[in-house]
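A short worksheet on the structure shown next.
Remember, it's 1-based here, ligands and their atoms both numbered in the order they're listed.
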Amino acid sequence: MVGRSKRKGLTRSAALNPAFGVGVRKRRSGSSLRKPRPPGRRVERLTIAIDGPSGAGKSTVGRALAKRLGYIYIDTGAMYRSVALRVKEKGISPEDDSALQQLASSLHISFVTENEQTHVFCDGEDITEAIRTPEISRLASSISKQKGVREALGRMQRKMGAEGGVILEGRDIGTVVFPGADVKFYLDAESDERVRRRYQEIVEKGGKVIFRETKEELVQRDYNDMHRIHSPLKKADDALFIDSTHRSVEEIVEEMARIVKAKGK
Ligand code: DC
């Protein structure tokens, strides 16, 4: 995944670091045409953490906020899903942490954003769709309780975010991966609303799923993610809590952007 992609318009951007098996690319946005910034008006490139349970809206607002700020967006859940997919394919036991850690460290996971769609690649293969099945959701949650796999992916995430100008979305970003993040958000919504969103998302993509099953899966997964021993999902003390239940994406992104801008001054 190094250099120019075969697909038109995809270019290498910051944080692409194949040496660590991770990469993030963004479509060129005409930055070479931008006027140089006047001296003394350096805008800080912050590290922003967005944590919260499934269906809270993290990906939607994270992506929109990244676009607005010109930041790189990293979906760390997709990284756990990538490992889960390979675990399934290779027949590795989800309880075998040493095999999981070895596997996670060996994978080359990268993100390519094009036309506001983020594609996830693993060792050169586009696995964007393959990692969104209910089975992979369950398996990702299951392997994510293991310490070794968390350490391997946490290391990659720190490398990806090292330069700043980045939004990382997940479960443990503000508590474990980037406890010193410049801005931390904890996004949540009422349980019924989160189930409704997840169900809608699957149906819109043409998936066939029963509402009751979506609900059971989401409740179980959240319970697992919140009650595991290593890096459980919880709000960092210094994270700003946002309830997205009755609010629009635009409204939330507006509030977040205001907070980030105030922090960056
Ligand atoms: O965000 P998601 O639903 O795609 O994440 C899939 C699973 O990955 C989630 O159930 C728990 C795990 N995960 C994690 O443990 N830590 C993260 N930072 C992100 C995801």
Transitive ILVMFWY cluster of Val219, excluding itself - 4.5 Å side-chain cut-off: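 Grouped by the 4.5 Å side-chain rule, Val219 forms a cluster of one, so the answer is none.
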Check ligand 1 against [X] and write out every atom of the ligand that is under 4.0 Å from a heavy-atom position of the residue.
| X | value |
| --- | --- |
| Asp172 | 16 (N), 17 (C), 18 (N) |
| Ser144 | 11 (C), 12 (C), 15 (O) |
| Arg132 | 4 (O) |
| Ser141 | 10 (O) |

I'd like to know if [X] and [Y] make a salt bridge, using a cut-off of under 4.0 Å between side-chain N and carboxylate O.
| X | Y | value |
| --- | --- | --- |
| Glu135 | Arg138 | no |
| Glu201 | Arg197 | no |
| Arg212 | Glu216 | yes |
| Arg198 | Glu217 | no |
| Lys263 | Asp182 | no |
| Lys58 | Asp51 | no |

So is [X] polar-close to ligand 1, meaning N/O to N/O under 3.5 Å?
| X | result |
| --- | --- |
| Thr76 | yes |
| Arg171 | yes |
| Asp75 | no |

Do me a favour and list the nearest non-hydrogen protein atom to [atom] with residue, atom name and distance?
| atom | result |
| --- | --- |
| atom 6 (C) of ligand 1 | Arg221 NH1, 3.5 Å |
| atom 9 (C) of ligand 1 | Asp225 OD2, 3.3 Å |
| atom 16 (N) of ligand 1 | Arg150 NH2, 3.0 Å |
| atom 8 (O) of ligand 1 | Tyr80 CB, 3.5 Å |
| atom 20 (C) of ligand 1 | Gly77 CA, 3.5 Å |
| atom 4 (O) of ligand 1 | Arg81 NE, 2.6 Å |

Between [X] and [Y], is any pair of side-chain heavy atoms under 4.5 Å apart?
| X | Y | value |
| --- | --- | --- |
| Phe111 | Val120 | yes |
| Gln101 | Ser98 | no |
| Ile127 | Ser82 | yes |

Sub-4.0 Å heavy-atom approach of Arg228 to ligand 1: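 Checking ligand 1 against Arg228, which is what was asked, there is a heavy-atom contact under 4.0 Å.
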Ligand 1-proximal atoms of Glu217, by part, heavy-atom distance under 4.0 Å: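 Near ligand 1, Glu217 shows nothing, with every heavy atom at 4.0 Å or more.
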